[in-house]
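Below: the structure, in structure tokens.
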Amino acid sequence: MRYDFSAIEKKWQARWCAENTFATGTAQDKPKYYVLDMFPYPSGSGLHVGHLEGYTATDIVARYKRSRGCNVLHPMGWDAFGLPAEQFAIRTGTHPRFTTENNVASFRETLKSMGFSYDWSREVNTTDPGYFKWTQWIFLKLYEMGLAYMSEIDVNWCEELKVVLANEEVDEKLADGYTVVRKPLRQWVLRITAYAERLIEDLDGLDWPENVKQMQRNWIGRSEGVEIDFELPCHRTHLKVYTTRPDTLFGATYLVISPEHPLAEKLAIAQQLTAVRSYIEKAKLKTELERTGLQKEKSGVFTGSYAVNPANGETLPVWISDFVLTSYGTGAIMSVPAHDSRDWEFAKKFDLPIREVVRSPHDVQEAVFEGKESVSVNSSNDEVSIDGLEFKTAFDRMASWLESKGKGKRKVNYRLRDWVFSRQRYWGEPIPIRHYDDGTMRPETALPLTLPEVEAYHPTSTGESPLANIGEWLFGTDEHGGFRRETNTMPQWAGSCWYYLRFIDPSNDGQLVEPSKERYWMNVDLYIGGAEHAVLHLLYSRFWHKVLYDLGVVSTKEPFQRLFNQGMILGEDNEKMSKSRGNVIPADQVLDAYGADAVRLYEMFLGPLEQVKPWNTNGIEGISRFLGKVWRLVWEENGTSPRITSDRSGHAILKRMHKAIRKVTEDTEQLKFNTAISEMMVLVNELHKAGCYSREAVETVLTLLSPYAPHITEELWENLGNGPSISGALWPVFDPALASDDVVTIAVQVNGKLRGTFEAPVQCPKEQLIEEAKKVESVVKFLEGQAIVKEIAVPGKLVNFAVKPL
RNA sequence: GCCGAAGUGGCGGAACUGGUAGACGCCCGGGACUUAAAAUCCCGUGUUCAGCAAUGGACGUGCGGGUUCGAUUCCCGCCUUCGGCACCA
């Protein structure tokens with residue numbers, strides 16, 4: 001019998017499919033385990049070996065958990081709305097639905113030929129009306145809760161093409177020589193900021209990589225500060241600024257507001273009006289990129305107006321500059337150039353005064369000092385003094401004083417912005433809102449609201465989506481009067497925000513998910529995907545989940561209990577795989593050449609799952625050889641009958657086996673698949689060396705290997721007369737007594753250098769170890785003529801002599 | 001600039017809690033089997049010095065210090081690479 005991977009893999013994939021081997025159990029009588037992949041966008045270029053890494057990892061876990069007696073939910077689906085299919089439609093007129101269907105079919109086939117044990121009866125597709133009905137349903141809940149609102153938001157507008165660009169398209173178009181400007185458009189926005197605090201707090205209970213949690217915390221960017229009012233005597237109003245350094249208020253020497261600040265033009269005095277207007281105009285033309293560009297020289301214009309510092313009554317000039325963000329805090333800042341590098345730069349450029357109010361190790365005229373570990377100076381008035389106080393105390397005293405005078409208020413701010421939720425595109429979930437002639441809005445009455453067929457997929461020249469051209473879809477009348485439907489669609493993030501819930505109850509037409517099923521299956525026990533989703537997808541999902549929690553739709557505060565990011569697989573040239581570099585290793589190509597089991601094992605053997613690592617096609621040869629050796633545990637080289645023996649394994653082999661069971665079990669639990677595979681290789685090599693082909697040993701190897709290489713192990717399992725599927729076999733359990741050593745090798749060191757070894761029982765006491773160590777031949781000469789200063793013995797490990805010449 | 005991760009043979013990587021550095025695999029070299037090849041199996045493989053050889057010595061985990069009987073592992077100071085953020089006041 002030869003190992004014909006191609007025939008074997010086809011055979012078992014067909015059988016798993018025919019026998020529904022991996023259908024999720026519906027009885028809630030066993031412990032459950034929900035293991036989920038980040039579902040893919042089915043692109044036209046197909047899957048490459050990098051995509052398969054995470055899927056292989058979850059599949060190993062799914063199969064392992066099943067053999068440990070768990071009821072496992074391991075589903076797959078498609079995040080199929082999105083730009084590429086739409087761009088293809090614009091170019092060729094092919095409906096995105098067809099493109100999507102084709103790509104999904106190709107993806108599904110590749111995944112099946114990898115032997116992944118998905119429950120395909122639960123497949124979901126975000127573009128399926130039965131699915132996006134519930135995406136729209138969630139949107140309407142957000143709307144009812146006041147968490148979805150409309151607002152004028154700047155979009156990336158391409159003048160020549162008359163289209164709104166997604167952020168990721170901007171660079172590309174600029175490179176092609178198009179101009180992109182910011183243009184305000186009325187859009188849907190989700191109030192994710194209302195959940196900022198909970199999104200930070202609940203991170204603590206999650207079993208996620210620390211760096212991902214940190215990235216989310218930074219993204220949300222919570223800060224504690226004070227909003228301070230500066231009187232504008234000539235305008236009978238005041239300017240509100242936000243600062244996290246109220247302790248530096250006495251050092252404020254000017255104020256700056258953003259060009260979009262409502263007072264920007266009003267504060268301009270007659271002589272400055274032209275300059276101010278032209279500055280505001282120029283700012284408008286700059287793109288986001290140009291404004292936030294890094295080493296950009298500061299620019300600004302003086303309004304001519306002055307404000308009063310509430311701490312010391314000084315009058316401070318009010319400037320306008322685009323380095324102040326409109327959308328953060330109040331869009332206005334107090335500048336303390338001595339202790340803030342941006343203010344310092346600005347002050348130097350426009351020759352504004354710099355005043356030290358935190359004791360600095362150097363002259364603040366020469367360089368800024370931003371340290372918080374120093375004490376305040378020059379900071380007192382008739383009512384309050386913070387001189388000599390450290391940051392925290394100074395902050396509190398100033399904040400309290402300002403609050404008592406009604407000049408300020410403590411305020412928590414977040415960097416996180418509300419989520420712009422609409423796209424001017426065709427291929428997305430329609431936003432189910434009607435705009436009535438009287439200016440009111442109402443939800444669509446029937447969901448799903450499906451996409452109409454269109455002739456052309458181009459956006460309209462006003463920046464609206466192609467839906468705005470479809471009169472019969474667009475307009476209608478009901479008891480509230482005539483209406484026009486919303487023409488914006490949802491962003492690609494929408495469908496992926498809640499798909500993990502739909503897998504639990506994929507064809508329920510009456511509910512998003514049936515509550516008892518939801519309670520049984522949630523949370524997701526293990527979620528594996530790329531680090532590129534560390535912030536946005538995972539934050540948006542968590543936000544929606546919390547909303548659903550508040551609605552009582554879900555029973556858990558968080559969706560994903562344990563998260564794991566697989567590292568990217570690079571091309572053989574150590575570069576990121578990309579079509580343009582020509583270093584992509586297509587999945588189908590290696591599958592044809594080496595088979596699914598070899599690809600699965602090799603991807604896991606490459607290195608730690610979380611690590612970025614290059615692909616090397618040579619390396620897969622070693623895995624093929626290993627599979628050959630596994631095959632020959634059962635079949636002679638050219639034999640026709642199994643070489644299996646019915647005798648018991650010898651004691652040494654038995655011990656070796658139990659050690660391997662322990663190691664493979666522990667490593668699989670911890671997703672350390674590379675070392676688990678290494679251990680199995682060692683075990684198989686030793687069985688061959690010992691000529692041990694006992695049924696017990698071989699079947700143990702097959703069971704340990706089966707989550708990793710399911711096809712070959714199924715075949716050999718069957719060859720050995722077992723049935724019906726190795727996936728039903730229970731995971732072997734190790735005997736701690738057998739898995740531990742009786743006799744170990746003790747290292748003997750002299751002054752920390754290895755000079756010899758000897759064998760000793762594990763329990764051998766220290767004194768005896770030292771005596772034995774002194775007798776080791778290779779050690780003796782290093783002790784001769786030396787005085788032993790210290791003798792260290794670590795039972796089970798080593799003996800070390802610290803010596804000095806006599 | 002700030003936050004985070006990581007630097008180990010020719011290559012991917014291994015090493016529990018401070019205890020024999022380089023498991024496992026690739027590549028490479030030598031050999032067995034074969035008419036030959038494929039497949040398979042065996043041996044060698046960090047650097048360097050001494051020796052005909054068996055063998056033995058020194059060095060070696062990014063760099064420089066430190067703690068320790070003993071450091072890839074802990075501490076201090078650097079360098080480099082990768083990922084994220086990028087005027088958030």
Side-chain angles (χ1 to χ4, degrees), chain A residues 2 209-219 221-223 225 241-245 248 256 291-296 298 321-325 327-336 339-343 345-346 370 413-417 531-532 534-535 565 567-568 570 574 601-602 605-608 610-626 628-629 632 637-638 663 666 672 674-682 685 688-689 745-757 778 781 788-794 796-803:
Chain A
R2 297 269 303 166
E210 221 22 73
N211 65 318
V212 175
K213 291 200 209 178
Q214 200 51 45
M215 276 163 73
Q216 293 219 343
R217 287 193 195 101
N218 292 344
W219 190 264
R222 183 183 197 278
S223 76
V241 309
Y242 175 74
T243 178
T244 55
R245 296 295 303 270
T248 61
V256 190
R291 280 185 62 161
T292 57
L294 190 54
Q295 306 92 337
K296 192 180 58 91
K298 294 258 183 300
S321 173
D322 64 4
F323 87 85
V324 174
L325 302 175
S327 49
Y328 183 78
T330 60
I333 62 162
M334 67 177 207
S335 274
V336 185
H339 307 294
D340 181 288
S341 57
R342 297 152 302 183
D343 297 346
E345 255 180 70
F346 195 84
E370 296 184 294
N413 254 331
Y414 303 92
R415 290 183 44 168
L416 183 69
R417 306 297 152 82
E532 67 273 21
V535 178
N565 293 127
M568 208 186 333
L570 306 174
N574 241 303
L601 277 171
Y602 184 56
F605 186 64
L606 222 43
E610 68 276 17
Q611 198 166 298
V612 176
K613 46 211 175 282
W615 178 267
N616 173 7
T617 300
N618 274 337
I620 202 166
E621 295 290 347
I623 293 292
S624 291
R625 271 175 220 152
F626 168 64
K629 288 179 197 175
R632 288 191 303 279
E637 181 63 24
N638 289 306
K663 176 79 173 148
E666 288 172 357
K672 291 162 80 173
N674 55 330
T675 48
I677 293 167
S678 161
E679 181 71 7
M680 291 190 274
M681 287 174 167
V682 175
N685 285 343
H688 276 295
K689 250 178 209 165
T745 307
I746 303 293
V748 186
Q749 300 180 337
V750 178
N751 283 343
K753 286 183 180 165
L754 183 70
R755 298 305 182 184
T757 59
S778 57
K781 63 180 178 190
I788 298 179
V789 186
K790 196 167 179 180
E791 296 170 337
I792 297 107
V794 183
K797 297 273 186 201
L798 58 59
V799 175
N800 188 12
F801 297 109
V803 301

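Just so we're on the same page: letters track the sequence lines, and every chain starts at 1.
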Note to self: If the cut-off is 4.0 Å, is A/Gln611 near the phosphate of B/rG13, judged by side-chain N/O to OP1 or OP2?
What the structure shows: yes
Next item on the list: Would you kindly give the CD1-to-P distance between A/Ile746 and B/rG70, to the nearest whole Å?
Entry: 20 Å
Notebook entry, point to check: Would you call B/rG9 syn or anti, using the 90° rule around 0?
Noted result: syn
Check: How close do A/Met215 and A/Ala534 get, heavy atom to heavy atom, and via which atoms?
Finding: CE-CB, 3.7 Å
Note to self: Quick one, A/Leu606 and A/Asn674 - any side-chain contact, counting heavy atoms below 4.5 Å?
What the structure shows: no
Please produce a list of atom pairs where a protein N or O lies less than 3.5 Å from an N or O of nucleotides 2-4 of chain B.
none

Check: For the side chain of A/His339 and the backbone of A/Thr248, is there at least one donor-acceptor N/O pair under 3.5 Å apart?
Finding: no
Check: Side chain of A/Asn616: nearest nucleotide among B/rC85, B/rC26, B/rA89?
Finding: B/rC26
Next item on the list: Nearest whole angstrom, please: distance from the C1' of B/rG13 to the OH of A/Tyr602.
Entry: 11 Å
Checklist line | Spacing between A/Ile792 atom CD1 and B/rG18 atom C1', to the nearest angstrom | finding: 13 Å
Notebook entry, point to check: Picking from A/Glu679, A/Met680, A/Lys672, what satisfies side chain to side chain contact (heavy atoms under 4.5 Å, CB included) with A/Lys663?
Noted result: A/Glu679
Next item on the list: Looking at every strand, decide which applies to A/Asn685 at a 4.0 Å heavy-atom threshold: base, sugar-phosphate, or nothing.
Entry: sugar-phosphate
Notebook entry, point to check: Which stems does RNA chain B form, counting runs of 3 or more consecutive Watson-Crick or G-U wobble pairs with both distances under 3.5 Å?
Noted result: B:1-7 with B:79-85, B:10-12 with B:24-26, B:28-32 with B:40-44, B:46-50 with B:55-59, B:62-66 with B:74-78
Item checked: Under 3.5 Å: donor-acceptor pair, side chain of A/Asp340, backbone of A/Asp343 -> yes
Next item on the list: Classify every nucleotide of nucleotides 37-51 of chain B by which part a protein heavy atom approaches to under 4.0 Å, writing B for the base, S for the sugar-phosphate alone and - for neither, in 5'-to-3' order.
Entry: --SSSS---------
Notebook entry, point to check: If you pin A/Met681 and A/Tyr328 to their nearest nucleotides in RNA chain B, which one's is more 5'?
Noted result: A/Met681
Notebook entry, point to check: Could a donor-acceptor pair under 3.5 angstrom be found where the side chain of A/Asn618 meets the base of B/rC26?
Noted result: no
Next item on the list: Give the rounded distance in Å between these two atoms: CG of A/Asp343 and P of B/rG1.
Entry: 20 Å
Margin query: Within the structure provided, determine whether A/Val748 and A/Phe801 are in side-chain contact (heavy-atom separation under 4.5 Å).
Written below: yes
Checklist line | N or O in side chain of A/Asn674 less than 4.0 angstrom from B/rA14 OP1/OP2 | finding: yes
Next item on the list: Would you tell me whether A/Ser223 and A/Tyr242 have side-chain atoms, one donor and one acceptor, within less than 3.5 Å of each other?
Entry: yes
Notebook entry, point to check: With A/Ser341, which residues qualify under side-chain contact (heavy atoms from CB on, under 4.5 Å), at least two apart?
Noted result: A/Val368, A/Glu370
Item checked: Under 4.0 angstrom between A/Ser223 side-chain N/O and B/rA89 OP1 or OP2 -> yes
Note to self: Whole angstroms only, please: what is the CG-C1' distance between A/Leu416 and B/rA86?
What the structure shows: 16 Å
Check: A/Asn413 near the nucleic acid: base, sugar-phosphate alone, or nothing, with a heavy-atom cut-off under 4.0 Å?
Finding: nothing
Item checked: Heavy-atom donor-acceptor pair, A/Asn800 side chain to A/Gly752 backbone, under 3.5 Å -> yes
Check: With respect to the side chain of A/Thr675, which nucleotide from B/rA89, B/rA15, B/rG12 is positioned closest?
Finding: B/rA15
Note to self: Would you measure the distance from the P atom in B/rG25 across to the matching atom in B/rC42 and give it in whole Å?
What the structure shows: 10 Å
Item checked: Whole angstrom value for the distance that separates P of B/rG25 from CD of A/Glu679 -> 12 Å
Note to self: Could you check whether any side-chain heavy atom of A/Ile677 comes within less than 4.5 Å of a side-chain heavy atom of A/Tyr602, counting everything from C-beta outward?
What the structure shows: no
Next item on the list: Go through the steps to decide whether A/Val803 and A/Val750 satisfy the test side-chain contact (heavy atoms from CB on, under 4.5 Å), and finish with yes or no.
Entry: CA-CA 7 Å; A/Val803 301; A/Val750 178; 3.8 Å; yes
Notebook entry, point to check: Which part of the nucleic acid, if any, lies within reach of A/Leu798 when heavy atoms closer than 4.0 Å are counted: base, sugar-phosphate only, or nothing?
Noted result: base
Next item on the list: Using atom CD of A/Gln749 as one end and atom C1' of B/rG18 as the other, report the distance to the nearest whole Å.
Entry: 12 Å
Check: Of all residues at least two apart in sequence or in a different chain, which pass the side-chain contact (heavy atoms from CB on, under 4.5 Å) check with A/Glu621?
Finding: A/Tyr594, A/Arg625
Item checked: Closest contact, heavy atoms only, A/Met681 versus A/Ile623 -> CE-CD1, 3.7 Å
Next item on the list: For A/Ser327, report the nucleic acid contact type (base, sugar-phosphate, nothing); a contact means any heavy atom under 4.0 Å.
Entry: nothing
Margin query: Determine whether a donor-acceptor pair (N or O, by modelled atom type, separation under 3.5 Å) exists between the side chain of A/Tyr328 and the backbone of A/Leu416.
Written below: no
Notebook entry, point to check: In whole angstroms, how far is the P atom of B/rA14 from the CZ atom of A/Phe605?
Noted result: 10 Å
Check: Using the P atom in both, what is the distance from B/rG10 to B/rU61, to the nearest Å?
Finding: 13 Å
Next item on the list: State whether A/Phe346 and A/Lys298 meet the cation-pi test: NZ (Lys) or CZ (Arg) under 6.0 Å from the six-membered ring centroid, and within 45° of the perpendicular axis.
Entry: no
Notebook entry, point to check: Within the modelled atom types, does a donor on one side and an acceptor on the other bring the side chain of A/Lys797 and the base of B/rC16 under 3.5 Å apart?
Noted result: yes
Item checked: A/Arg755 vs A/Gln749, side-chain contact (heavy atoms from CB on, under 4.5 Å): CA-CA, chis, key distance, verdict -> CA-CA 5 Å; A/Arg755 298 305 182 184; A/Gln749 300 180 337; over 6 Å; no
Margin query: Counting primed atoms plus P, OP1 and OP2 as sugar-phosphate and everything else as base, spell out the protein contacts along nucleotides 54-62 of chain B at 4.0 Å heavy-atom distance: B, S or - for each nucleotide, 5' to 3'.
Written below: --SSSS---
Next item on the list: From the options B/rC24, B/rA89, B/rC85, select the nucleotide whose nearest atom is closest to the side chain of A/Arg415.
Entry: B/rC85
Margin query: Go nucleotide by nucleotide along RNA chain B from the 5' end; which of A/Arg417 and A/Gly619 gets its closest nucleotide reached first?
Written below: A/Gly619
